[in-house]
Amino acid sequence: MLRRKINVKAAGAALLVAGALTASGLTAPAASAQPDPAQGPQAQAPQAAPALLAAMQRDLGLTAAEATSRLAAEQHAASVAIGLEVALEDSFAGAWVQGGAARLTVATSDADEADEITAEGARAVVVKHSLAELDAAKAALDRAARHTPTDDAPVWFVDLPTNSVVVQALDRDAAEALIDAGGVDRTLVRIEATAEQPRPLYDLRGGEAYYMGSSGRCSIGFSVTRGGQQGFATAGHCGSTGTTTSGYNRVAQGSFQGSSFPGNDYAWVATNSNWTATPYVKGGGGQNVQVAGSTQAPVGSTVCRSGSTTGWHCGTIQQHNTSVTYPQGTVTGVTRTTVCAEPGDSGGAYISGNQAQGVTSGGSGNCRTGGTTFYQPINEILSVYGLTLKTNSGPGDPGDPGDPGDPGDPGGTWAAGTTYQAGSTVTYGGATYRCLQGHTAQTGWEPPHVPALWQRV
């Protein structure tokens with residue numbers, strides 16, 4: 001095959017840069033400012049966020065150095081692969097990396113091009129079908145799925161290492177029906193047996209809406225667990241035991257397992273496997289506010305509320321252990337606040353800093369003229385039903401570094417720029433903390449601020 005030869009590595013680097021600029025809307029710098037891909041992965045080592053490196057160490061079993069090296073090798077491989085895709089044109093049959101060293105393999109349907117691939121440092125594989133052929137077959141299955149049942153053949157994809165389109169099926173006949181409906185060349189397709197039945201996954205987040213049976217709407221308070229069961233705490237007046245719920249998206253969600261109102265105003269809902277409890281409350285602008293515990297804040301403290309009608313609003317705690325009479329009866333032991341609320345916010349989360357406080361009960365006024373509201377303390381709900389609050393105090397994503405402002409000199413052995421291993425201990429501000437997952441410390445990740453990384457001991 002004759003074709004115009006191009007600089008493979010330069011093409012790969014140029015396309016990677018162009019893609020990044022398209023996404024960001026920036027103007028491309030002069031070509032001379034770009035790194036030379038020929039210098040290899042060391043010259044292009046990405047500046048990875050510490051949170052990303054920490055997650056790679058946790059989930060892939062890597063050291064910090066291995067994670068950094070792997071990212072650099074994968075970026076270099078991506079540059080070479082894109083360049084070869086351009087150079088090989090119609091015979092390109094895909095590229096993939098393997099192992100911690102990210103060894104690049106490039107497939108081609110033209111045996112004459114194997115030398116061109118190996119010259120770029122990649123392993124060459126000669127296959128029967130080009131990527132364009134496989135993509136066209138997969139697109140035909142996509143079209144057929146619009147009018148062919150696929151519940152028992154739920155997943156299909158282009159599998160590069162086997163140079164085929166794979167259909168994963170619980171029932172082989174369902175896969176065959178999809179292939180026939182798509183008119184796809186049978187030699188392009190492999191059927192794999194599977195027991196998996198994919199489903200949508202949704203998060204439980206404080207302040208999000210949920211709906212009770214065929215009636216009204218309330219708001220999630222805080223995600224909780226009991227044994228292996230996930231769910232959320234909310235207000236008792238939102239539903240009685242056995243009431244079914246659907247989520248913000250009207251997808252079936254769960255049912256009330258316990259409810260008390262009046263007298264108290266608390267309840268909890270157990271959710272089905274489509275829903276996952278998270279340690280978050282929906283904050284201003286939809287941002288996640290992390291929940292680290294449930295220490296009761298003193299009177300006068302700032303407290304913020306998240307609800308599905310009025311969103312995120314803040315005020316102060318006026319009194320604990322308040323009794324209030326609603327038309328349905330008296331509720332005791334609630335906390336009185338200056339935070340506004342409106343119908344539909346009921347059950348939503350009150351949080352002070354990163355500490356859960358309670359779920360919205362009721363009040364007066366609205367978020368235009370102001371008012372007084374009451375919340376049912378979360379700790380009583382947890383105790384009554386034997387629930388565990390979902391928090392971010394375990395290993396996980398520590399989030400973006402915060403703005404510590406000017407903390408002065410808290411004293412202690414913790415220091416930004418130091419790499420800590422899981423199990424090491426430091427002191428900070430007169431307290432001792434144990435490292436939960438390996439990471440390199442940076443400003444904004446002081447131990448009291450990131451319970452995903454540090455546990456006070």
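Taking every heavy atom of both residues into account, Ser308 and Cys218 meet most closely at OG-O, 3.6 Å. Closest heavy-atom contact between Ile381 and Ala267: CG2-O, 4.1 Å. Here the closest non-hydrogen pair linking Thr278 and Arg205 is OG1-CA, 4.2 Å. Listed here is the closest heavy atom pair of Leu141 and Ile179: CD2-CA, 3.9 Å. Considering all non-hydrogen atoms of both residues, Val291 and Ala356 come closest at CG1-CB, 4.1 Å.
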Candidate pair Thr337 and Thr373, rule side chain to side chain donor-acceptor pair (under 3.5 Å), full reasoning: CA-CA 5 Å; Thr337 80; Thr373 55; 2.7 Å; yes

Side chain to side chain donor-acceptor pair (under 3.5 Å) between Tyr210 and Thr234, worked out: CA-CA 10 Å; Tyr210 71 91; Thr234 189; 2.9 Å; yes

Chi angles and distances behind the side-chain contact (heavy atoms from CB on, under 4.5 Å) call for Gln168, Phe157: CA-CA 9 Å; Gln168 293 184 331; Phe157 52 85; 3.8 Å; yes

Side chain to side chain donor-acceptor pair (under 3.5 Å) evaluation trace for Arg217 with Thr309: CA-CA 9 Å; Arg217 166 175 54 85; Thr309 298; 2.9 Å; yes

Derivation and outcome, side-chain contact (heavy atoms from CB on, under 4.5 Å), residues Thr68 and Leu71: CA-CA 5 Å; Thr68 300; Leu71 288 173; 5.9 Å; no

Chi angles and distances behind the side-chain contact (heavy atoms from CB on, under 4.5 Å) call for Gln318, Thr338: CA-CA 7 Å; Gln318 293 180 304; Thr338 65; 3.3 Å; yes

Gln376/Val334 under side-chain contact (heavy atoms from CB on, under 4.5 Å): CA gap, chis, key distance, verdict: CA-CA 5 Å; Gln376 175 77 57; Val334 293; 4.1 Å; yes

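Every pair passing ring pair (Phe, Tyr, Trp, His ring centres under 6.0 Å) that includes a residue from residues 244-265 is listed here, sequence neighbours excluded: His237-Phe261, Tyr248-Trp275. Evaluation of the ring pair (Phe, Tyr, Trp, His ring centres under 6.0 Å) test over residues 300-350, restricted to residues two or more places apart or in two chains, returns Tyr350-Tyr375. Sorted by first and then second residue, the ring pair (Phe, Tyr, Trp, His ring centres under 6.0 Å) pairs with a member in residues 135-156 form an empty list; sequence neighbours excluded.
The closest donor-acceptor contact from the side chain of Asn379 to the backbone of Ser294 lies under 3.5 Å.
Annotation: side chain of Tyr433 is in contact with side chain of Pro448 (closest heavy-atom distance under 4.5 Å).
If you check the side chains of Thr310 and Arg305, you find a donor sitting under 3.5 Å from an acceptor. Ser346 and Thr360 share no side-chain donor-acceptor pair at under 3.5 Å. Under 3.5 Å, the side chains of Gln257 and Ser255 contain a donor-acceptor pair of N or O atoms. Arg103 and Gln98 share no side-chain donor-acceptor pair at under 3.5 Å. A side-chain donor-acceptor contact under 3.5 Å links Arg190 and Ser164.
Annotation: the span from Leu60 atom CG to Glu66 atom CD amounts to 10.5 Å, rounded to 0.5 Å. Expressed to the nearest 0.5 Å, how far CG of Asp203 lies from NZ of Lys282 amounts to 12.5 Å.
Under a 4.0 Å N-O distance rule, the pair Glu74/Arg70 qualifies as a salt bridge.
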